[in-house]
Amino acid sequence: MSSTSRGYGALAGITAAAVAVGSAELVAVGTGARSAPLVAVGGVVVDAAPEPAKQFAIELFGGYDKIALLVGTAVLLGAFAALLGMLAVRRLVVGLAGVALFAVVGVAAAVTRPGAGFPAALPSLLGGLLGGFVLWLLVAGPLEPQPWPTASPGEAPSTGDRPAPEGRRRFLTGAGLLVGAAALSGVGGRWLAGRRGVAEARSALTLPTPVSPAPPVPAGADLARSQLAPYVTSNAAFYRIDTALAVPQVDPETWRLRIHGRVRNPITLTFAELLARPMVERYVTLACVSNEVGGDLVGNARWLGVPIRELLDEAEPLDGADQVVGRSVDGWTCGTPTEVLRDGRDALLAVGMNGEPLPVEHGFPVRMVVPGLYGYVSACKWLVELELTSFADFDAYWVPRGWSARGPVKTQSRIDVPRPRNRLTAGPVTVAGVAWAQHVGIAGVEVRVDGGPWQPATLAPAVSADTWVQWSWQWAATAGEHTVEVRATDRTGAVQTGRRRPVAPDGATGWHRVTVNVR
Ligand SMILES: Nc1nc2c(c(=O)[nH]1)N[C@H]1C(S)=C(S)[C@@H](COP(=O)(O)O)O[C@H]1N2
Ligand SMILES: [Mo]
């Protein structure tokens, strides 16, 4: 095969793939964003990826790990499509078989996503059909730049290595128009899907007034220093962690919560029924088990919701039902000890975050929030089910992936100021940060410089033991390079361990340390 016909073939393959993916996006407007082939295949990759790969991706791309995965999938698809196009120039059936194979992969991924029905197959199916048609069009149909330039011995190239100019023009114009149409339908599909999303339902929602409002934030809880995390994290700044490549759009009109499994009285609630129940509002600090020492996967918000305890009391868990599995509309699960949800702490089915309906990416319309447990065992977003079962009988999403079934939060403290690159001059320097031991509470924070004696820091007041607390310490800094370390003590008197342990399987430990230069 000549390099010219390889080039045409590659272009034909990429055009076919673009048309397949672009048209599938448009079809997915009707069948749900998670049925679009890139999102469906990406979702399978996320669920199947070994834990170290996922951790690596989070470290490498941070909050952009999902975009990186989608772009990576698209680039891989493009490369395969180019290859298929080159083969199709030789034998069209080989190319068409390749397209069919991709369609099958897309269909298989889409219909096996949790909660997906038969319609989830449609985007990949129709995309595959159109992609195959376009491949034929460009390689063997009316747009073929005939005759195929060939330099193979034995075949008589009628026009040398290049097709006739009019054939070339027809091919390139056709391919260009098709790619344009594909892009339009892809972007248009995404846009339409966004309009069909739940943003409107969310902004139309008025939250009920809590029967038990959150205690006011005490004066001085927020030291209001730049670089220091504010006491209350805004919704916009709140960290986001989940496995969802397309944020689930759950319509509150059709939302149902099923409380079932090992209970005496199974319950089904509508959103209106949930909102009609007495609501409480509480400040609770949420932390991710993947938070490294000194990391920022932790935030404090004011949550409005219904105490889970009351719903469980009505459902009447049976003996031995020691685990409550929260299930998201996208199939993700977390397992929370039943006893923790019933021990009197403010475990909530939350509908509000900082005075607003939950942001869609934080679980609209309903999520769980449980003080004292890491998010992966308690904070199910887009919640649709609470299933009573036992830890012996069911492993939630992260457990077979190497994480502990139980995930109580570990006492942690963090230095927010100074940062390693701050310019400091000898003299008084304020060292400040946050510390958390949700539901137990922080009793004290200590700081030391260059491994010297631990010095008590000043704790700012906090709303409750369920939130983090800010701390500060005045340092008489001397010139030179210094290492500042922090540790907290919880209200049981336990001192935060200095032993360095990784985030897996149940949360990192160790003291946060910052090295600074004082001039
Ligand atoms: N449906 C769903 N809920 C989920 C997750 C998820 O992947 N899917 N991740 C959990 C994890 S690991 C954490 S730390 C919290 C984070 O909540 P946030 O994104 O609102 O900060 O959500 C939890 N709830
Ligand atoms: Mo997490």
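We use all heavy atoms of the structure for the numbers below, so side chains are in, but hydrogens, waters and symmetry mates are not. Whatever order the structure lists ligands and atoms in, that order sets their numbers, starting from 1.
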Is it true that [X] and [Y] have a side-chain N and a carboxylate O under 4.0 angstrom from each other?
{"X": "E485", "Y": "R513", "value": "yes"}
{"X": "D466", "Y": "R345", "value": "no"}
{"X": "R414", "Y": "D296", "value": "no"}
{"X": "D47", "Y": "R113", "value": "yes"}
{"X": "D416", "Y": "R225", "value": "no"}
{"X": "R262", "Y": "D319", "value": "no"}

Hey, which atoms in ligand 1 end up nearer than 4.0 Å to a heavy atom of [X]?
{"X": "C288", "value": "14 (S)"}
{"X": "S328", "value": "1 (N)"}
{"X": "G375", "value": "10 (C), 11 (C), 13 (C), 14 (S), 23 (C)"}
{"X": "Y376", "value": "11 (C), 12 (S)"}
{"X": "F238", "value": "21 (O)"}

Just need the protein heavy atom nearest to atom 4 (C) of ligand 1, so name the residue and atom and give the distance.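 Looking at atom 4 (C) of ligand 1, the protein heavy atom closest to it is W332 CZ3, 3.5 Å.
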Shortest protein contact, atom 19 (O) of ligand 1 (heavy atom only): K381 NZ, 2.5 Å
Out of T233, I241, V329, V384, whose heavy atom sits nearest atom 9 (N) of ligand 1?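 Nearest heavy atom to atom 9 (N) of ligand 1 lies in I241.
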N/O of [X] under 3.5 Å from N/O of ligand 1, yes or no?
{"X": "Y239", "answer": "yes"}
{"X": "W398", "answer": "no"}
{"X": "W382", "answer": "no"}
{"X": "R367", "answer": "yes"}
{"X": "E361", "answer": "no"}
{"X": "H362", "answer": "yes"}

Side chain Q438, main chain T285, donor-acceptor under 3.5 Å: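 Yes, because the side chain of Q438 sits within donor-acceptor range (under 3.5 Å) of the backbone of T285.
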Where A36 and P123 come nearest, the two heavy atoms and their spacing: CA-CB, 4.5 Å
Just let me know how L286 lines up against ligand 1, side chain, backbone, both or neither, with a heavy-atom cut-off below 4.0 Å.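 Contact part for L286 vs ligand 1: side chain (C-beta onward).
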Ligand 1 versus Y397: contacting region, heavy-atom distance under 4.0 Å: neither
Would you kindly check if the NZ (Lys) or CZ (Arg) of [X] is within the cone defined by 45 degrees around the ring axis of [Y] and under 6.0 Å from the six-membered ring centre?
{"X": "R256", "Y": "F271", "answer": "no"}
{"X": "R401", "Y": "Y397", "answer": "yes"}
{"X": "R327", "Y": "W332", "answer": "no"}

Does at least one non-hydrogen atom of A379 fall below 4.0 angstrom from an atom of ligand 1? yes
